[in-house]
J.: 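This is the structure I have questions about; it appears just below.
Numbers restart at 1 for each chain; the letters A, B, ... are given by sequence-line order, proteins then strands. Both backbone and side-chain heavy atoms feed into the values below; hydrogens, waters and symmetry mates do not.
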Amino acid sequence: MQVKPGSRWKSAVDTTEVVIVRPPKGDVSLECGGHPMVAAGDEAPAGLVLSADFSAGTSVGKRYVDEESGIELLGAKAGQSSLAVDGRPVTLKDAKPLPASD
Amino acid sequence: MQTQLLLELSAEAIGERQAYKTVEGGLSYAQAYQRAKAGAAYFHKRQGDTVVFLGHNGPAFPLALFAAGLAGKPFAPLNYRLADTDLRKLVARTAPSIVVADGDMASRVHGVEGVTIITREAFEAACEDEDNRDATLPEAEQDIAVLLFTSGTTGDPKAAVLRHGNLTSYVISTVEFMAAGEDECALVSVPPYHIAGISAVLTGTYSGRRIAYLHSFAPDAWVLLAHAEKVTHAMVVPTMLSRILDAMEALDVELPHLRALSYGGGRMPQSVIERAMRKLPNVDFVNAYGLTETSSTIAVLGPDDHRAAFSSDDPNVRARLGSVGRPLPTLELEIRAPDGKTVLGARESGEIYVRGDQVAGEYLHKKMLSDDGWFATNDAGWVDEEGYLFVEGRLDDVIVRGGENISPGEVEDVLRLHPQVRDVAVYGLPDDGWGEKVACSLVCEGAPCTDELAEWVKARLRSTKTPEAWDFRDELPYNETGKLLRRVLKDEMSKTVAAI
């Protein structure tokens with residue numbers, strides 16, 4: 001799928017939504033809850049169920065990365081399902097908050 | 001990623017929390033997002049590629065910023081303190097545009113070709129209009145988030161381009177989403193047309209920290225608002241800080257809720273920060289160094305750094321109170337020689353270069369980044385053995401006397417410690433023997449003799465850094481964001497010297 005920076009994607013099985021912060025190097029399958037994600041404006045296919053292997057949850061405002069493809073995602077809506085790229089579970093990126101400077 | 005998404009996230013996650021406030025009232029994140037969308041529908045229907053904001057601080061400012069983003073139009077806040085002719089020239093450069101202007105400012109830009117003016121009140125009403133609220137908007141496809149005109153101390157203002165990607169990269173890599181407690185409140189008094197005003201909206205919104213706006217800065221009003229709103233965080237430019245401390249003493253007001261005070265936008269005199277740390281021992285001080293072209297902060301001297309430096313007997317550690325701290329971990333920073341290539345080592349002075357996602361380094365129709373992404377800041381500085389960055393000022397301001405680089409700020413700091421000196425500016429003047437010589441303009445109480453002042457500097461620095469030309473005046477020229485206009489003094493004094 002074409003994953004452009006800034007584009008929004010939603011889970012096909014629950015409320016989870018993400019924004020692409022950094023695009024992947026090549027073509028990838030962006031998945032959530034064990035199923036490919038759908039562009040935010042499109043209709044999600046019906047009848048899919050959450051896979052237990054991808055049900056660790058996604059949080060709003062957390063960043064997730066996949067080292068291999070270089071993709072970086074930001075949780076835009078929370079949900080029960082968790083994210084994966086080409087079947088690989090993403091990892092939570094450590095935030096390095098600064099002392100408030102503005 | 002688009003900046004308006006930051007508001008959307010907060011509206012969804014902490015919608016009921018108070019977001020922006022002034023004396024006239026406030027808005028929650030959910031209200032702000034709903035109104036920004038309505039404002040976007042209003043902008044979308046109107047002619048004009050850019051949304052210009054000409055007004056004081058207040059909730060209408062973040063609303064216009066986010067509405068412009070949602071409508072896919074770059075947002076350009078302008079400096080209302082400019083003279084009418086200069087202001088009209090700038091407005092003309094934004095055409096075709098929609099100008100949101102405070103009532104008393106709208107008439108100043110009336111009749112500029114290609115520009116639609118709406119008053120702040122009309123814009124705020126449009127944000128509450130039901131038809132606008134219910135309108136559906138196409139997905140915004142605009143890369144440019146903000147156009148900020150530089151203060152133009154050395155010529156015509158340049159329009160710095162900040163793309164959505166630069167700004168959101170800065171925000172999400174330096175601020176934790178919803179990290180602020182519900183009691184936290186940031187007092188914002190920098191004007192909307194300053195990069196710190198823009199970044200305050202974005203980081204405040206993303207962290208969930210309420211913003212209390214002061215229409216424009218005045219020391220008494222700042223202290224009283226900080227007290228009344230139980231302000232926990234604030235950002236000031238250096239000239240504001242000593243005036244705030246004076247006002248606290250004159251009004252006899254304490255600020256028990258204040259936890260963090262950050263400063264930036266110019267060199268902080270060491271004597272002022274030391275006074276502030278003594279007066280506000282429980283406050284976390286943060287020195288943030290950044291440029292418009294880098295989407296705000298690129299280096300930070302944090303609270304622990306301040307305390308360690310303040311309490312240290314080691315002169316190298318103590319000196320860090322005059323540094324801007326260390327570069328953000330998300331970007332690279334180098335000090336380079338005048339050839340622009342050779343990377344210099346610790347304590348070698350050169351030009352500061354940065355690279356990273358937040359570094360826009362771009363003016364309208366003119367990309368300033370090198371092919372490999374580096375931006376030359378035009379600031380001179382050096383880094384100590386542990387990576388603390390010392391900024392010496394604009395490259396053009398550094399005095400080169402007989403091959404030695406002299407930072408005006410260093411000499412100013414020493415002169416400012418003299419009991420009779422109230423304000424000072426140091427700059428270079430042409431000199432036949434040395435290329436340049438050190439000159440200074442001073443505001444003093446009484447009339448100190450120049451020999452005594454020269455001795456004062458010589459005893460603390462060295463003779464090559466001692467001013468050779470002295471000029472006494474009633475006040476020094478500053479621009480409206482508190483930047484000392486050294487160039488103005490330099491030009492005046494060069495002419496005076498030439499005339500003699």
J.: Given a strict heavy-atom distance threshold of 4.5 Å, which part of B:M235 is in contact with chain A: side chain, backbone, both, or neither?
T.: side chain
J.: Starting from the C-alpha separation in whole Å, work towards a yes-or-no answer on salt bridge (Lys or Arg N to Asp or Glu O under 4.0 Å) for B:D284 and B:R307.
T.: CA-CA 9 Å; B:D284 283 348; B:R307 293 197 179 97; 2.6 Å; yes
J.: Which atoms of B:L5 are under 4.5 Å from chain A, going by heavy atoms: the side chain, the backbone, both sets, or neither?
T.: side chain
J.: What part of B:E139 lies closer than 4.5 angstrom to a heavy atom of chain A: side chain, backbone, both or neither?
T.: neither
J.: Does B:V190 form a side-chain contact (heavy atoms from CB on, under 4.5 Å) with B:V236? I'd like the steps, not just the answer.
T.: CA-CA 7 Å; B:V190 287; B:V236 294; over 6 Å; no
J.: Which one wins on heavy-atom pair count under 4.5 Å against chain A: B:S199, B:G290, B:A196?
T.: B:S199
J.: In terms of ring plane angle, is the pair B:H306 and B:Y263 parallel, tilted or perpendicular, where the classes change at 30° and 60°?
T.: perpendicular
J.: Salt-bridge test for A:R22 and B:D357: reply yes if a basic N is under 4.0 Å from a carboxylate O, no otherwise.
T.: yes
J.: Checking B:L328 against chain A: side chain, backbone, both or neither under 4.5 Å from a heavy atom?
T.: side chain
J.: Can B:N166 and B:S295 be counted as having a side-chain donor-acceptor contact under 3.5 angstrom?
T.: no
J.: For B:Q2, is it the side chain, the backbone, both or neither that has a heavy atom under 4.5 Å from a heavy atom of chain A?
T.: neither
J.: State, to 0.1 Å, how close A:G34 and A:S51 come at their nearest heavy-atom pair, and which atoms those are.
T.: CA-CB, 4.1 Å
J.: Heavy-atom distances under 4.5 Å only: say whether B:A260 touches chain A with side chain, backbone, both or neither.
T.: neither
J.: If I measure from the heavy atoms of chain B, does A:V60 come under 4.5 Å with its side chain, its backbone, both, or neither?
T.: both
J.: Heavy-atom count around B:E332 CD within 6.0 Å, excluding the residue itself: above 12?
T.: yes
J.: Consider only side-chain N and O atoms of B:T3 and B:T168, and report whether a donor and an acceptor are under 3.5 Å apart.
T.: no
J.: Side chain, backbone, both or neither: which part of B:Y170 has a non-hydrogen atom closer than 4.5 Å to chain A?
T.: side chain
J.: Please look at B:T174 and chain A and tell me whether the side chain, the backbone, both or neither of the residue comes under 4.5 angstrom of a heavy atom of that chain.
T.: both
J.: Check each atom of A:K4 against the heavy atoms of chain B and say whether the ones under 4.5 Å are side chain, backbone, both or neither.
T.: neither
